[in-house]
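These notes are about the structure you will find just below.
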Amino acid sequence: MRGELLIQGSKNAALPILAATLLGEGVFILHHCPRISDVEHMLELLEDAGCLVSREGHMLIVDTRGAGNFRVSGEGAGKMRSTVTLLGSLLGRFHQVEIPYPGGCTIGKRPIDLHLEGLSRLGAVFGERESTLYGRADCLRGASVCLTFPSVGATENLLLAAVLAKGETVIRGAAREPEITALADFLRAMGARIRGDGTSCICVEGVCRLHAAEYIIPSDRIVAGTYLFGTVMTGGETRLLHVPLSHLGTLPELLERMGAQVRAREDWIHVRMEGRCRAVPHVMTAPFPGFPTDLQSALMAALATADGISFLEEKMFEARFQIVSELQKMGASIASQEDFALIEGRSRLSGCTVEAKELRGGAALIMAALAAEGESRIRGMEYVRRGYEDINGDLKRLGIVLY
Ligand code: UD1
């Protein structure tokens, strides 16, 4: 992989920000919004709630003035995990919410107990009818909430519910991911009063009303990370633009440990790899600023070609080693058990037909295919399109020939 690339807008920032538009009445303008299927599904849900949505390239216009429906049941609702983010915003706007009960998904059970417990502290009550989750809060009141795990989604829902609640909400044990700060920035642009985002203690002072806002969605740190591991695996040299260095956490340091030369400024990163990458003794996924679970598969693919033995621990989701069997088909030597994988790097993988079973694993298999000898076919590209706007186009821009 060789060349320069502008990184698309962040999926995980865009989705809660779109949910947040419901909290204010007016016409919102969002720039740098990724054209991915998860965003399209969220837009369907906003339309379901009564919003008018239009798109011009990467600019989205959301008119929430006609919103009036707290029941979300559109086709997209069952497909997408982040439907759950609508809990906080629909409760804030309509004091009621009805969404399909978000079940497990391919990467693990993904319960929502922390969301429900936290929102209950603010005065919401929940019930379940068949496969539907119903919530009501005649009056949301600020409260002190302590999350026993820094859940990204629960922190987002609490922020969304707290901005229009009466009084002050303090969220302790909050997630510190850059997407939380992006959501807080957007809510502040709407008139919300939030302090402490980016730390584990966030304070929200409720306001009576929020207004429309214009905002630029930050670039996707996970898409950037995927291509950086691709660069390392292919002995390439890439410069990724629009990538806030502060969003990459410990990733640049890890790439250096793998033998890459890394240069970075405030909003770009340049990585160059000569020869084969080095194994890393131990990497464990962790909440930000630790190594992100969403890049664990791409790292595994890279380590499958590294010189030496690596250990990977997946601490966030139960079923996130699904690419092991696919990488093994390509000749990788990986032994995995529960949340632990031992990877003995091979100098070359062999191209073959593999199947993506979820979004991030699918992108990692594409990176593995780039480093493999011969032709590879990757099935299940619909998963990859949930989060990567144009992975084929991006790779072509970086000198890769795709059929
Ligand atoms: C978000 C991201 C996802 C990323 C994850 C962790 C979006 C749309 N998705 O997912 O890409 O992999 O953060 O960085 O932004 N948990 C509970 N109870 C809860 C909530 C979570 O036990 O009520 C557990 C989960 O099962 C998981 C861990 O907490 O083991 C982390 O989940 P969480 O941070 O909530 O992830 P998501 O917000 O679902």
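Ligands are counted one by one from 1 in listed order, and the atoms in each one are counted from 1 as well. The first residue in the sequence is number 1, and the count goes up from there.
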Below 4.0 angstrom from a heavy atom of [X], which ligand 1 atoms are there? Numbered from 1 as shown, please.
| X | result |
| --- | --- |
| G153 | 35 (O), 38 (O) |
| H115 | 20 (C), 23 (O) |
| R320 | 12 (O) |
| L114 | 18 (N), 19 (C), 23 (O) |

Backbone N/O of [Y] and side chain of [X]: donor-acceptor pair under 3.5 Å:
| X | Y | value |
| --- | --- | --- |
| R93 | L22 | yes |
| R348 | A371 | yes |
| R188 | I194 | yes |

Could you tell me whether some N/O pair between [X] and ligand 1 is separated by less than 3.5 angstrom?
| X | result |
| --- | --- |
| T293 | no |
| K11 | no |
| L15 | no |
| E156 | no |
| F149 | no |
| M316 | yes |

Original post:
Is it true that atom NE2 of H242 has more than 12 heavy atoms of other residues, nucleotides or ligands lying nearer than 6.0 Å?
Top reply: no
Original post:
Counting only heavy atoms not in R239, do more than 12 sit closer than 6.0 Å to its CZ atom?
Top reply: yes
Subject >> Under-4.0 Å salt bridge between R397 and D390 >> reply: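 Salt bridge between R397 and D390, a charged N being under 4.0 Å from a carboxylate O: yes.
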**OP:** Flag the pair E205 and R195 as a salt bridge only when some basic side-chain nitrogen lies within less than 4.0 angstrom of an acidic carboxylate oxygen.
**Re:**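 Here E205 does not pair with R195 in a salt bridge, since their nearest N and O are not under 4.0 Å apart.
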Subject >> Minimum-distance pair of heavy atoms, taken over all atoms of M330 and S376 >> reply: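 Residues M330 and S376, closest heavy atoms: CE-OG, 3.7 Å.
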Original post:
Looking only at heavy atoms of E179, does any of them come nearer than 4.0 Å to an atom of ligand 1?
Top reply: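 Heavy atoms of E179 never come under 4.0 Å of ligand 1.
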Original post:
Side chain, backbone, both or neither: which part of D113 comes within less than 4.0 Å of ligand 1 when only heavy atoms are counted?
Top reply: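 The answer is both.
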**OP:** Could you check which of G387, P292, A14, P111 puts a non-hydrogen atom nearest to atom 17 (C) of ligand 1?
**Re:**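 Selected option, by shortest heavy-atom distance: P111.
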Original post:
So which of T85, V152, D294 gets nearest to atom 13 (O) of ligand 1, if we judge by its closest heavy atom?
Top reply: V152
Original post:
How many angstroms lie between CE in M273 and CD in E237, if you round to the nearest 0.5 Å?
Top reply: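 Interatomic distance, M273 CE to E237 CD, rounded to 0.5 Å: 12.0 Å.
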